[in-house]
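Remarks on the structure that follows.
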2 protein chains.
Amino acid sequence: MPMTPSPSPHRDIPAATVSRLPTYLRALHSAAAQGVTTVSSGQLATAAGVLPTQLRKDLSHLGSHGVRGVGYDVARLIVEITSALGLGRDWPVAIVGMGNLGRALTAYSGFGTEGFHVVAVLDRDPALVGERVAGLTVRHIDELPTLVAELGIAIGVLATPADGAQAAADALVAAGIEAILTFAPAALALPPGVSLRRVDLATELHVLAFLRHGGAGIGASVSDLAKVGVAG
Amino acid sequence: MPMTPSPSPHRDIPAATVSRLPTYLRALHSAAAQGVTTVSSGQLATAAGVLPTQLRKDLSHLGSHGVRGVGYDVARLIVEITSALGLGRDWPVAIVGMGNLGRALTAYSGFGTEGFHVVAVLDRDPALVGERVAGLTVRHIDELPTLVAELGIAIGVLATPADGAQAAADALVAAGIEAILTFAPAALALPPGVSLRRVDLATELHVLAFLRHGGAGIGASVSDLAKVGVAG
DNA sequence: CAGACTTTGTGCAACGCTTCACAAACCCCT
DNA sequence: AGGGGTTTGTGAAGCGTTGCACAAAGTCTG
């Protein structure tokens with residue numbers, strides 16, 4: 001079963017590195033807000049909860065150059081990571097599924113940073129269409145193609161129940177969206193080229209249960225499953 | 001920096017396997033609900049979005065024995081995975097932080113399966129204490145030790161803003177909770193032995209942005225960063 | 001200006017996970 | 001009972017990630 005091919009031929013950044021860059025970026029913004037202009041890999045690493053060598057290797061993939069004996073320039077590193085992640089522009093987001101989770105995500109402030117903006121909220125239930133959620137009017141899922149065209153929506157968030165997730169994903173894809181973040185506990189069939197990230201709340205709880213209980217006589221010295229925070 | 005030691009000496013199950021078991025379990029429950037009594041690794045694998053060999057290797061770590069030429073007994077496999085994950089009991093959950101996200105998680109049905117029950121919701125803001133959320137009364141964070149003792153709370157969910165996350169985590173740990181699921185975008189310092197799982201919504205969006213944009217001339221043929229769903 | 005100190009950047013080894021290839025085991029049909 | 005077909009279980013290879021060790025490069029002090 002083939003994996004997603006590269007959408008465009010680029011320099012290679014390991015997946016594990018990419019998933020850590022947002023954390024670094026957040027720590028850098030925090031440092032900048034406090035007036036810090038230079039950070040060492042050790043400082044930034046503890047703020048992000050990783051090892052200094054890991055941080056330096058990660059940054060080396062960006063072609064980033066700190067100054068030996070000094071550290072990294074905060075402002076410059078912010079620019080470089082922002083650029084590497086593609087955050088130098090607006091990313092209009094549509095959220096499909098206006099249940100409890102969808103409403104909360106719409107209002108969640110964490111979705112309103114770094115150029116991400118929820119610009120449309122949709123549901124398939126006509127009874128919900130027209131309601132206001134966090135300043136937006138709920139639209140019907142059939143309006144999605146129009147909204148994508150008008151608002152330049154690039155990312156779709158699925159907050160539907162599992163049984164409606166595939167239909168909603170199909171609607172997103174049909175409307176031209178190629179990046180989906182789903183909270184629905186279901187396997188989605190998508191055409192090649194569509195990026196998918198999954199957040200599974202139930203799975204997280206199950207893993208925690210495993211780490212506590214270890215199962216009936218079964219357990220693990222699990223390596224990075226349970227990450228203990230690093231002292232700051 | 002040492003990693004989390006094994007809480008108790010058990011058989012070794014790879015971390016990656018543990019994180020997939022809940023998905024298998026869900027697919028098995030779905031199959032059982034449809035009256036299916038036997039599944040092959042291929043059927044179960046496609047339902048879960050993984051490769052058949054991956055599924056078989058995962059199950060082999062449970063000491064599970066399917067029947068060659070036939071497949072796996074659905075009911076038995078449910079029992080084995082449930083047991084391995086430690087889901088054969090109640091897992092009372094407390095949610096700290098009754099903002100938008102906390103309220104939604106409290107009402108989210110996905111948190112109400114497999115023995116997980118939200119039995120307490122808390123906040124540090126006195127103005128919120130006493131309000132009703134999804135049938136529960138919001139308690140003050142100071143009441144946590146009492147509630148843990150009375151209700152047997154085993155898992156804490158952090159839905160606070162980043163700046164209050166460490167204090168809330170400290171409160172959970174002080175109350176005796178050793179398993180934490182956090183949605184706060186912050187690195188947490190925790191004592192050894194406390195299990196932590198992190199869900200970072202902003203990071204997921206950032207990764208999707210990277211997969212679309214690829215950064216300013218930087219991108220990746222990322223392996224498993226973007227998983228395309230498998231046809232079911 | 002030289003030497004000590006600090007911090008980055010990176011080759012390399014160790015580790016864990018994924019995937020392949022194939023033998024072992026089981027059912028069913030004749 | 002025997003043979004063909006199917007499916008599991010697993011050794012082993014391939015791959016990516018992590019962590020270490022150390023050289024390179026810069027600052028600072030006397």
Side-chain angles (χ1 to χ4, degrees), chain A residues 1-4 6 11-21 23-24 36-74 76-77 80 207 220-227 230, chain B residues 1-4 6 11-21 23-24 36-74 76-77 80 220-228 230:
Chain A
M1 206 62 59
M3 222 54 325
T4 307
S6 172
R11 191 137 41 110
D12 184 59
I13 300 181
T17 294
V18 172
S19 65
R20 280 187 295 268
L21 288 179
T23 303
Y24 303 157
V36 177
T37 61
T38 300
V39 290
S40 69
S41 64
Q43 292 168 326
L44 196 51
T46 55
V50 300
L51 272 56
T53 56
Q54 175 120 276
L55 179 94
R56 289 202 297 273
K57 180 145 290 193
D58 282 343
L59 294 183
S60 76
H61 289 121
L62 301 185
S64 164
H65 287 281
V67 181
R68 305 190 184 209
V70 177
Y72 299 89
D73 182 80
V74 171
R76 180 178 169 196
L77 205 49
E80 290 196 15
V207 171
S221 53
V222 182
S223 58
D224 68 338
L225 211 46
K227 284 174 191 159
V230 177
Chain B
M1 206 65 57
M3 212 73 307
T4 307
S6 172
R11 192 134 43 107
D12 186 61
I13 301 182
T17 294
V18 172
S19 66
R20 280 187 295 267
L21 289 179
T23 303
Y24 302 157
V36 176
T37 62
T38 299
V39 288
S40 69
S41 65
Q43 292 168 325
L44 196 51
T46 54
V50 300
L51 272 55
T53 56
Q54 175 119 276
L55 180 95
R56 290 203 297 273
K57 179 140 291 198
D58 283 341
L59 294 184
S60 76
H61 290 121
L62 302 186
S64 163
H65 287 281
V67 180
R68 302 188 186 213
V70 177
Y72 298 89
D73 182 79
V74 172
R76 180 178 171 198
L77 205 49
E80 290 197 16
S221 52
V222 183
S223 58
D224 67 340
L225 214 46
K227 286 172 188 157
V228 166
V230 177

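Numbers restart at 1 for each chain; the letters A, B, ... are given by sequence-line order, proteins then strands.
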Checklist entry - Think B/Y72 has a side-chain N or O under 4.0 angstrom from the OP1 or OP2 of C/dC26? => result no

Next on the checklist: D/dT8, OP1 or OP2 - any side-chain N/O from B/S41 closer than 4.0 Å?
Outcome noted: yes

Whole-Å distance separating the [atom1] atom of [X] from the [atom2] atom of [N]:
X: A/L21; N: D/dT17; atom1: CG; atom2: P; answer: 13 Å
X: A/D12; N: D/dC15; atom1: CG; atom2: C1'; answer: 12 Å
X: A/L55; N: D/dT17; atom1: CG; atom2: P; answer: 16 Å
X: A/L44; N: C/dT7; atom1: CG; atom2: C1'; answer: 14 Å
X: B/D58; N: C/dT19; atom1: CG; atom2: C1'; answer: 12 Å
X: B/R20; N: C/dC17; atom1: CZ; atom2: P; answer: 9 Å
X: B/L62; N: D/dG9; atom1: CG; atom2: P; answer: 11 Å
X: A/Q54; N: C/dT10; atom1: CD; atom2: P; answer: 16 Å

Checklist entry - If every non-hydrogen atom of A/V50 is compared with every non-hydrogen atom of A/Y24, which pair is closest and at what distance? => result CG2-OH, 3.7 Å

Taking N or O atoms only and anything under 3.5 Å, show me the protein contacts with nucleotides 13-15 of chain C, one pair per line.
none

Next on the checklist: Keeping B/Q43 on the side-chain end and B/S40 on the backbone end, is there a donor-acceptor pair under 3.5 Å?
Outcome noted: yes

Item to check | Which residues share a side chain to side chain contact (heavy atoms under 4.5 Å, CB included) with A/S41, sequence neighbours left out | outcome: A/P52, A/L55, A/R56, A/Y72

Checklist entry - How would you list, by chain and number, every residue that makes a side chain to side chain contact (heavy atoms under 4.5 Å, CB included) with A/V70, sequence neighbours excluded? => result A/T38, A/V67

Compare the minimum distances between each of [options] and the side chain of [X], then state the nucleotide with the smallest one.
X: B/L51; options: C/dT19, C/dT8, D/dT17; answer: C/dT19
X: B/H65; options: C/dG9, C/dT8, D/dG9; answer: D/dG9
X: A/S40; options: C/dC17, C/dT8, C/dC26; answer: C/dT8
X: A/K57; options: D/dG26, D/dT17, D/dT18; answer: D/dT18

Item to check | Contacts of A/R68 that satisfy side-chain hydrogen bond (donor to acceptor under 3.5 Å, both in side chains) - sequence neighbours left out | outcome: none

Next on the checklist: According to side-chain hydrogen bond (donor to acceptor under 3.5 Å, both in side chains), who are the partners of B/T17, at least two apart in sequence or on a separate chain?
Outcome noted: B/D58

Between the protein and nucleotides 21-25 of chain C, are there any N/O to N/O pairs under 3.5 Å, and if so, what are the atom names and distances?
{"residue": "C/dA24", "atom": "N3", "partner": "B/R68", "partner atom": "NH1", "Å": "2.8"}

Checklist entry - Yes or no on side chain to side chain contact (heavy atoms under 4.5 Å, CB included) for B/L44 and B/L77, after CA distance, side-chain angles and deciding distance? => result CA-CA 11 Å; B/L44 196 51; B/L77 205 49; 4.0 Å; yes

Next on the checklist: Determine whether A/V207 and B/V18 satisfy the following criterion, side chain to side chain contact (heavy atoms under 4.5 Å, CB included), listing intermediate values before the conclusion.
Outcome noted: CA-CA 7 Å; A/V207 171; B/V18 172; 4.2 Å; yes

Checklist entry - Are any non-hydrogen side-chain atoms of B/V74 and B/T37 less than 4.5 angstrom apart? => result no

